[in-house]
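The model shown is predicted, which means the values in this text are computed figures rather than measured ones.
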Amino acid sequence: MYQFNMSVNQKNAGWFSAIEKTLAIKLRALDGVVASKDEGQRVEISIACENGRRSEAEAVISRTLSEMYLTVCKYEYLHAALKIPSLARQSYKILIHTLVVFDREAESEIVEKNLVLGDYLALDGFFYFRLGELKKRWDEIAQLASSNSLYLSREETLNELLKFLMSAVTPKIPKLSISVDAGHYNVSGRFQNSDFEFRITSADKLLIYLINAAPLELTLDGKFPDERLYKRIVSIFDGKGNG
């Protein structure tokens, strides 16, 4: 039986809770299990599966933890480091999410290079003491954005920066279409030879989804009542109107 143990300080318990369900689903496919327990100051996590599935389980753990560090932890870090008081709430939120996905492939290599799974890992200890190279990069990004806060307070110039950042993000989805129906946003596309369609309820959620998906081609079908949102999507993602 293969067993791997992790722990995280209570103040950072949200890191693990953000990926716990995903990790459990992936390990269940390997006939493995994940269990977590609150021990007061720390949350203790145990993972187990048959020894013959160890290499597969370690690959799942490594990829999932890398995603945790480069989404949840990076967002928290940049949120604390960025100092742009003049930026509107939505623009600030979109900027951070764009900075999170920027350069994610290179940063994933840094995490996985340092992440060696033994029998035990302190999630917060690894972040604070082994990922200094990443945090230095994030400090530089935050300092650069903060020092140009007046420039970024203009929506047009902010959109130019966001477009530049998105141009360096590897697309997850080749083609997407968006239409508006009764105040909701209908998103449709194709991923791994399967068609999909779903509804997004707000402009903020739509923009965050587009940032994470980084579609290679984006079509906007019909009329968008929110002209500001329409212009932002066209500017950042090279969206093409169709109607």
Side-chain angles (χ1 to χ4, degrees), residues 14-23 25 64 67-82 84 86-104 107 141 145 152-153 155-156 158-192 194-243:
W15 296 2
F16 176 70
S17 62
I19 62 161
E20 184 172 11
K21 185 176 181 180
T22 299
L23 184 59
I25 291 171
T64 308
E67 184 176 349
M68 179 195 76
Y69 287 121
L70 296 179
T71 54
V72 181
C73 299
K74 185 178 181 180
Y75 185 94
E76 285 188 2
Y77 194 92
L78 290 175
H79 182 65
L82 278 174
I84 313 181
S86 59
L87 208 56
R89 185 195 64 82
Q90 185 194 63
S91 296
Y92 180 79
K93 190 174 182 180
I94 292 168
L95 174 60
I96 294 182
H97 277 282
T98 307
L99 290 173
V100 167
V101 301
F102 176 70
D103 214 18
R104 58 188 172 194
E107 292 186 345
I141 290 172
L152 297 178
S153 64
E155 188 161 305
E156 294 79 8
L158 173 62
N159 288 343
E160 288 176 8
L161 172 63
L162 297 177
K163 181 177 182 178
F164 167 75
L165 294 172
M166 290 303 303
S167 70
V169 176
T170 301
K172 287 186 176 181
I173 296 176
K175 187 175 181 179
L176 279 178
S177 295
I178 303 172
S179 61
V180 182
D181 179 27
H184 297 93
Y185 303 95
N186 293 327
V187 179
S188 59
R190 188 170 180 82
F191 181 71
Q192 295 182 348
S194 296
D195 294 326
F196 64 86
E197 185 172 355
F198 60 92
R199 175 175 287 190
I200 294 179
T201 58
S202 72
D204 280 4
K205 291 178 181 178
L206 175 63
L207 286 168
I208 291 170
Y209 172 77
L210 291 175
I211 290 166
N212 290 326
L216 191 61
E217 182 179 339
L218 179 62
T219 302
L220 306 176
D221 294 322
K223 183 173 177 58
F224 275 59
D226 188 336
E227 186 176 351
R228 181 184 178 194
L229 173 65
Y230 182 87
K231 288 181 177 179
R232 173 160 266 173
I233 291 175
V234 169
S235 175
I236 299 171
F237 303 99
D238 282 330
K240 304 298 188 296
N242 182 22

message: Working to the nearest 0.5 angstrom, can you tell me the gap between T64 OG1 and F16 CZ?
response: 10.0 Å
message: Once you measure the plane-to-plane angle for F164 and F102, does it fall in the parallel (<30°), tilted (30-60°) or perpendicular (>60°) bin?
response: tilted
message: So L87 and L82, do their side chains get closer than 4.5 Å, heavy atoms only?
response: no
task: List the steps and the verdict of side chain to side chain contact (heavy atoms under 4.5 Å, CB included) for D221 and N186.
output: CA-CA 10 Å; D221 294 322; N186 293 327; over 6 Å; no
query: Any side-chain heavy-atom pair from T98 and V169 closer than 4.5 angstrom?
result: no
field: Minimum-distance pair of heavy atoms, taken over all atoms of S235 and N159
entry: OG-CB, 3.4 Å
field: Proximity of H79 and Y92 rings by center, below 6.0 Å
entry: yes
- line: CZ (R104) and CD (E67) are apart, to the nearest 0.5 Å, by 9.5 Å
- prompt: What is the distance from atom OG of S188 to atom CZ of F198, rounded to the nearest 0.5 Å?
  reply: 9.0 Å
message: When you compare the side chain of V180 with that of K223, does any pair of heavy atoms fall below 4.5 Å?
response: no
- prompt: Atom OG of S177 and atom CG of L218: how far apart are they, to the nearest 0.5 Å?
  reply: 7.5 Å
message: In terms of relative ring orientation, are Y75 and H97 parallel, tilted or perpendicular, with 30° and 60° separating the classes?
response: tilted
field: Point-to-point distance, once rounded to the nearest 0.5 Å, from CG of L161 to CE of M166
entry: 12.0 Å
task: Taking atom types as modelled, find out whether Q90 and D204 have a side-chain donor-acceptor pair closer than 3.5 angstrom.
output: yes
- prompt: Would you say I94 and R232 make side-chain contact, with heavy atoms under 4.5 Å?
  reply: yes
Pairwise side-chain contact, L176 with Y209, heavy-atom cut-off 4.5 Å (strictly under): yes
field: Separation of E107 CD from Y69 OH (nearest 0.5 Å)
entry: 14.5 Å
message: On a heavy-atom basis, which atom in K163 and which in D238 lie closest, and how many Å separate them?
response: NZ-OD1, 3.2 Å
task: Locate the shortest heavy-atom distance separating F196 from R190; write the atom from each residue and the value.
output: CE2-N, 3.4 Å
message: Minimum heavy-atom separation for P215 and P171, please, with both atom names.
response: C-CB, 4.4 Å
- request: Find out whether I211 and I236 are in side-chain contact, i.e. whether some heavy atom of one side chain is under 4.5 Å from a heavy atom of the other.
  value: no
- prompt: Between Y185 and L210, is any pair of side-chain heavy atoms under 4.5 Å apart?
  reply: no
field: Side-chain heavy-atom pair R228, E155 within 4.5 angstrom cut-off
entry: yes
message: To check you understand the geometry: which heavy-atom pair defines the closest contact between L206 and I200, and what is its length?
response: N-CG2, 3.5 Å
- prompt: So which heavy atom on V100 is nearest to which on K74, and how close?
  reply: O-NZ, 3.2 Å
